[in-house]
2 protein chains.
Amino acid sequence: MQLNITDTLKKHQLSITDSRKKILSFFLQSANALAHADIEHKSGTEFDRVTIYRTLQTFVEKGIIHTIPTADNSILYALCKDECVAGHHHDDHVHFICDTCSTTYCLDHVSVPKVKLPKGFKAAQTDLVVSGTCNNCEQ
Amino acid sequence: MQLNITDTLKKHQLSITDSRKKILSFFLQSANALAHADIEHKSGTEFDRVTIYRTLQTFVEKGIIHTIPTADNSILYALCKDECVAGHHHDDHVHFICDTCSTTYCLDHVSVPKVKLPKGFKAAQTDLVVSGTCNNCEQ
DNA sequence: AATATTTTGCAACATAGTTGCACTGTACTA
DNA sequence: TAGTACAGTGCAACTATGTTGCAAAATATT
Ligand SMILES: [Mn+2]
Ligand SMILES: [Mn+2]
Ligand SMILES: [Zn+2]
Ligand SMILES: [Zn+2]
C-alpha cells in the first residue's frame, strides 16, 4: 500500500499542517501536473497565496514534487517518484504538454536520452519537454 | 556575406523602425541568448518596456528569434537560423544554460533526439535544455 | 501542560507582462 | 516628394506572479 499523506510528510521531516496536507492531497488526487494557480483555485480562500508558494518551495526542496519547465512563463509541479529525497531529485523522465487541453503529463516510462555536448560543457541536469496532442485529445 | 539588419527586417516583411533595428542588432552582436531584461538594460531609456515586449513577440512570430524554456520562470530569446519563417520554426537544437555564469547557448550542432511517446501522444515540438558548467567556466 | 520551534497570514513590495488609446513614424502612391 | 493610409510607439492603467519581514498562531518537544 502507498504511504498516506501524513506518513509522506513525516518521511520528509515536515511538520504536519493543514495546508501541507491539503496541497499534497491535490497532487495525489491529480494524475497530471499542477500550477500554483491551480492549487489556488482548488483551495479557494482556505490558505494565503504566500502559504501556497512556500509550501510548493518546501515540497520541491524536500523531494516531494518536482518542477517542469515550460515554453511559456509558467512553472508546473508534479509528484516525484519515491527515489527523490531532499536536495536530490531523480526525475529523468520526459514531460508532455498538450497544446489542446493544456494538460501536462509526466511520462515516467520515457526517460531523457543522454546527449553528447561540445568539449568543455558538463551536464548537471537535462530537461526534455514535448508539446503536441495528448491521447485524450486525438480524434 | 550575411544579411544586414535592414535586409533581415525587410525579408520578414517588417517595417524598419529604430527599435527593431536596435533590438535585432543586440542579438546579432551577442553570441548568446538574451532575456527581455537584458535588452531593457542594453537600451537604457531609449524605448518603452512595452515596445520591447512587442518587438520580441513580433520577432518570434516572424521567425527571427526563438524562445528557450528554462527551469526557472524566465523566457530567453536567441536568433533563429535562416530556415525559420513566420509561423514555422526549425530550431531543433539543444540549449545549454550554465549554472555558474548563467549564459545560455544555442548548441546549433547538437540536435534534439527523437523520443518514442506512449500510444496516442503526438509530438509537435520538442525542447531539450541542459544545465551544468559551460566551457568558459570549467577550471 | 509549558516551552521552543516552525509555520502561517497579512501587508507591503518588486518584477513581469498585457491592453487601450492617442500620437508618431514608416510605407506607399500619385 | 507631398499626402495619405497604416503600422508602430509611448503612456497610463491594470493584472498576474512572486518575495520579504514580522507578529500571531499552530505544531513539535520536554
Ligand atoms: Mn515529472
Ligand atoms: Mn536556440
Ligand atoms: Zn490534451
Ligand atoms: Zn558558464
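Chain letters run A, B, ... following the sequence lines, proteins first and then strands; every chain starts at 1.
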Practice prompt. On DNA chain C, reading 5' to 3', which nucleotide is the first and which the last to sit with an atom under 4.0 Å from a heavy atom of chain A, could you check?
Written response: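 Nucleotide range in contact with chain A: C/dT6 to C/dG17.
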Discussion item. On a heavy-atom basis, which atom in B/Ile16 and which in B/Lys10 lie closest, and how many Å separate them?
Written reply: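 The answer is CD1-CG, 4.0 Å.
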Item to complete: Work out which heavy atom in B/Thr133 is nearest to a heavy atom in B/Cys98; give both atom names and the distance.
Response: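 Looking at all heavy atoms of both residues, the closest pair is CA-SG, 4.2 Å.
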Item to complete: Let me see the working for A/His41 and A/His36 under side-chain hydrogen bond (donor to acceptor under 3.5 Å, both in side chains), right down to the final yes or no.
Response: CA-CA 9 Å; A/His41 293 142; A/His36 176 276; over 6 Å; no
Fill in: Donor + acceptor pair across side chains of B/Thr70, B/Ser74 (<3.5 Å)
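The criterion, which ignores hydrogens and geometry beyond distance, is satisfied for B/Ser74 and B/Thr70.
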Fill in: Under 3.5 Å donor-acceptor, A/Arg20 side chain and A/Ser15 backbone
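Side chain of A/Arg20 to backbone of A/Ser15: a pair is present.
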Protein-nucleotide distance ([X], atom [atom1]; [N], atom [atom2]), rounded to Å:
X       : N      : atom1 : atom2 : answer
B/Tyr53 : D/dG8  : OH    : C1'   : 18 Å
B/Arg20 : D/dG8  : CZ    : C1'   : 6 Å
B/His12 : D/dA7  : NE2   : C1'   : 18 Å
A/Tyr77 : D/dG18 : OH    : P     : 6 Å
A/Leu56 : D/dT17 : CG    : C1'   : 13 Å
B/Gln57 : D/dA7  : CD    : P     : 17 Å
A/Ile52 : D/dT19 : CD1   : C1'   : 15 Å

Worksheet entry | Sugar-phosphate only, base, or nothing, as touched by A/Ser19 at under 4.0 Å among non-hydrogen atoms |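 Sugar-phosphate, no base atom in range.
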Discussion item. Mind checking if A/Arg54 touches a base, just sugar-phosphate, or nothing, with heavy atoms under 4.0 Å?
Written reply: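 A/Arg54: base contact, heavy atoms under 4.0 Å.
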Practice prompt. For DNA chain D, find the residues of residues 39-51 of chain A with a heavy-atom distance under 4.0 Å and give them by number; none if there aren't any.
Written response: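 Within this stretch, A/Arg49, A/Val50 sit under 4.0 Å of the strand.
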Discussion item. Can you list everything that forms a side-chain hydrogen bond (donor to acceptor under 3.5 Å, both in side chains) with B/Thr67? Sequence neighbours excluded, please.
Written reply: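 Not a single residue meets the side-chain hydrogen bond (donor to acceptor under 3.5 Å, both in side chains) criterion with B/Thr67.
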Worksheet item: With B/Asp7, which residues qualify under side chain to side chain contact (heavy atoms under 4.5 Å, CB included), at least two apart?
Response: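 Testing B/Asp7 for side chain to side chain contact (heavy atoms under 4.5 Å, CB included), a comparison that skips the adjacent residues, returns B/Leu3, B/Asn4.
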Worksheet entry | Heavy-atom side-chain contact between A/His95 and A/Val130 under 4.5 Å |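 Heavy-atom side-chain distance check fails, nothing below 4.5 Å.
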Worksheet item: Quick one: does B/Pro118's side chain get under 4.5 Å of A/Asn135's, heavy atoms only?
Response: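 Answer no - side chains too far apart.
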Practice prompt. Please state whether the phosphate of D/dG8, meaning OP1 or OP2, lies under 4.0 angstrom from any side-chain nitrogen or oxygen of B/Thr58.
Written response: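 Answer is no, no contact under 4.0 Å.
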Worksheet entry | Nucleotide-level pairing of DNA chain D, given in dot-bracket where Watson-Crick and G-U pairs need both distances under 3.5 Å and | marks other strands | ||||||||||||||||||||||||||||||
Worksheet item: When the ring centroid of B/Phe27 is compared with that of B/Phe59, is the distance short of 6.0 Å?
Response: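 Centroid separation for B/Phe27 and B/Phe59: 6.0 Å or greater.
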Worksheet item: If each of B/His36 and B/Asp18 is mapped to the nucleotide of DNA chain C with the nearest heavy atom, which maps nearer the 5' terminus, i.e. the 5' end?
Response: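 It is B/His36, whose closest nucleotide lies nearer the 5' terminus.
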Worksheet item: Between B/Lys10 and A/Ser15, who's closer to the 5' end of DNA chain C by nearest nucleotide?
Response: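 The residue whose closest nucleotide sits nearer the 5' end is A/Ser15.
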Item to complete: Give, for atom CZ of B/Arg54 and atom CD1 of B/Ile23, the distance between the pair rounded to the nearest 0.5 Å.
Response: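 Reported to 0.5 Å precision, the distance equals 11.5 Å.
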Worksheet item: Is A/Leu76 isolated, or which residues cluster with it under the ILVMFWY side-chain rule of less than 4.5 Å, directly or via members?
Response: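 Grouped by the 4.5 Å side-chain rule, A/Ile68 form the rest of the cluster around A/Leu76.
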